A.B. asks: 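There's a structure below that I have some questions on.
This one's a predicted model, so the numbers in the text were calculated from it and none came from an experiment. Both ligands and their constituent atoms are indexed starting at 1 by order of listing.
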Amino acid sequence: EARSAVRAAMCERVFGESGARLVIEEYLEGPEVSVLSFTDGHTLVPMVSSMDHKRALDGDLGPNTGGMGTVAPNPWYTPEIAAECMERIFLPTMRAMNAEGRTFRGCLYFGLMLTKDGPKVIEYNCRFGDPETQVVLPLLDTDLLEAAGRLAEVDIRWKPGSACCVILASGGYPKAYKKGLPISGLEENGQLPGEPAEVFHAGTKLESGRYYTNGGRVLGITATASSLEEAVSRAYAAADRISFEGLHRRGDIGARALSAPKD
Ligand code: GLY
């Protein structure tokens, strides 16, 4: 796998010039956790944790994608692990950026792996995550604009319960896929009738009152409920009501989260 990845990046240049240099990293194994946080450079407030499912196929098989679905909160991310991450990762990151004269204000994204040697960072992003945001923000109880610029004063509250987002992708994604296929099941406002879940449009276009596919990840279907089991089952029930030619989705979003030890 390593040889063929190097060949694809450096010889075949599948990522263009970005493949000219490679960084070889330690292989990290364990449940993934995404923690988005609000920061103004002095205060850092983590949002509710989430779990992305990056591989294209069930059982975490197939190529990496931008994310095929998410759940929040992530049950693997216990209060003890959250406290450790705050002390060992989040605050040191914020302080190190200040020390370098690169104070960051906005949404800082920590992509973590909970390895047997403790939590480790696999990636940072200075933006919200996709499709993490589709499960994190529906659980936010505080007005986001109220918090802006007043992080130290505002108590950022989260709703109880869980959220699940199932991505409906074009057949073939993340490799070549068709565009322009009509989508069935949506109303003109882009939502499902009766609104059993929220439909987030990622790769669609609206023409003469009808939606068509227009990207690799086409729609994100988010449901919230008092339990993770119920949120997963509602998201899939809603996703079942939408169709287009070649539609691909994972059938196991939330399965790893549901297998987390219960306390
Ligand atoms: N879901 C991964 C990302 O937003 O980078």
Side-chain angles (χ1 to χ4, degrees), residues 5 9 14-15 18-19 23 25 27-39 44-77 85 89-90 93 97 104-115 119-140 144 162-170 173-175 177 198-204 215-224 228 231-232 235 239 248-257:
V14 293
F15 306 116
S18 316
V23 178
E25 297 181 322
Y27 182 78
L28 301 180
E29 201 164 15
E32 269 187 73
V33 184
S34 303
V35 180
L36 320 182
S37 66
F38 298 115
T39 180
L44 186 141
V45 182
M47 301 183 213
V48 73
S49 61
S50 56
M51 177 182 262
D52 194 5
H53 298 68
K54 291 210 172 66
R55 300 290 188 142
L57 307 176
D58 285 13
D60 290 331
L61 299 173
N64 243 345
T65 70
M68 294 299 292
T70 37
V71 294
N74 184 333
W76 291 93
Y77 190 70
C85 289
I89 298 174
F90 304 163
T93 300
M97 290 171 90
F104 180 74
R105 296 178 188 88
C107 176
L108 188 55
Y109 168 129
F110 299 90
L112 308 171
M113 302 287 286
L114 305 183
T115 73
K120 298 209 177 183
V121 177
I122 194 154
E123 63 170 338
Y124 290 109
N125 289 304
C126 41
R127 57 164 173 78
F128 280 86
D130 175 10
E132 285 90 337
T133 310
Q134 291 91 317
V135 286
V136 169
L137 290 191
L139 297 176
L140 180 64
L144 194 49
S162 294
C164 172
C165 175
V166 176
I167 296 294
L168 308 187
S170 297
Y173 172 78
K175 298 197 175 130
Y177 52 82
E198 191 151 355
V199 180
F200 291 98
H201 288 240
T204 64
R217 288 186 297 166
V218 177
L219 297 164
I221 317 300
T222 296
T224 52
L228 180 57
V232 170
H248 168 66
R249 69 173 203 217
R250 277 183 58 162
D252 63 348
I253 303 303
R256 189 154 197 204

A.B. asks: Decide, yes or no, whether a salt bridge links Arg249 with Asp58 under the criterion of side-chain N to carboxylate O below 4.0 Å.
C.D. replies: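 Judged by the 4.0 Å cut-off on N to carboxylate O distance, Arg249 and Asp58 do not form a salt bridge.
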
A.B. asks: Decide, yes or no, whether a salt bridge links Glu32 with Lys54 under the criterion of side-chain N to carboxylate O below 4.0 Å.
C.D. replies: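 Counted as a salt bridge, because a side-chain N and a carboxylate O are separated by less than 4.0 Å.
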
A.B. asks: Taking ring-ring contact (aromatic ring centres under 6.0 Å, His included) as the definition, give me every residue that meets it alongside Phe110, ordered by chain and number, with sequence neighbours left out.
C.D. replies: Phe90, Tyr124

A.B. asks: Applying side-chain contact (heavy atoms from CB on, under 4.5 Å), run through Thr39 and Arg105 and close with a yes or a no.
C.D. replies: CA-CA 5 Å; Thr39 180; Arg105 296 178 188 88; over 6 Å; no

A.B. asks: Is any side-chain heavy atom of Arg250 less than 4.5 Å from a side-chain heavy atom of Arg55?
C.D. replies: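 Side-chain contact under 4.5 Å: yes.
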
A.B. asks: Between ligand 1 and the protein, give all atom pairs where both partners are nitrogen or oxygen and the distance is under 3.5 Å, as lines of names plus distance to 0.1 Å.
C.D. replies:
unit_1	atom_1	unit_2	atom_2	d
ligand 1	1 (N)	Asp52	OD2	2.7
ligand 1	1 (N)	Gly66	O	3.2
ligand 1	1 (N)	Asp130	O	2.8
ligand 1	1 (N)	Glu132	OE1	2.9
ligand 1	1 (N)	Glu132	OE2	3.3
ligand 1	4 (O)	Arg127	NH1	2.9
ligand 1	4 (O)	Asp130	N	2.9
ligand 1	4 (O)	Asp130	O	3.4
ligand 1	5 (O)	Asn125	ND2	3.4
ligand 1	5 (O)	Arg127	NH1	3.4
ligand 1	5 (O)	Arg127	NH2	2.8

A.B. asks: Judged by modelled atom types alone, do Thr70 and Glu132 share a side-chain donor-acceptor pair under 3.5 Å?
C.D. replies: no

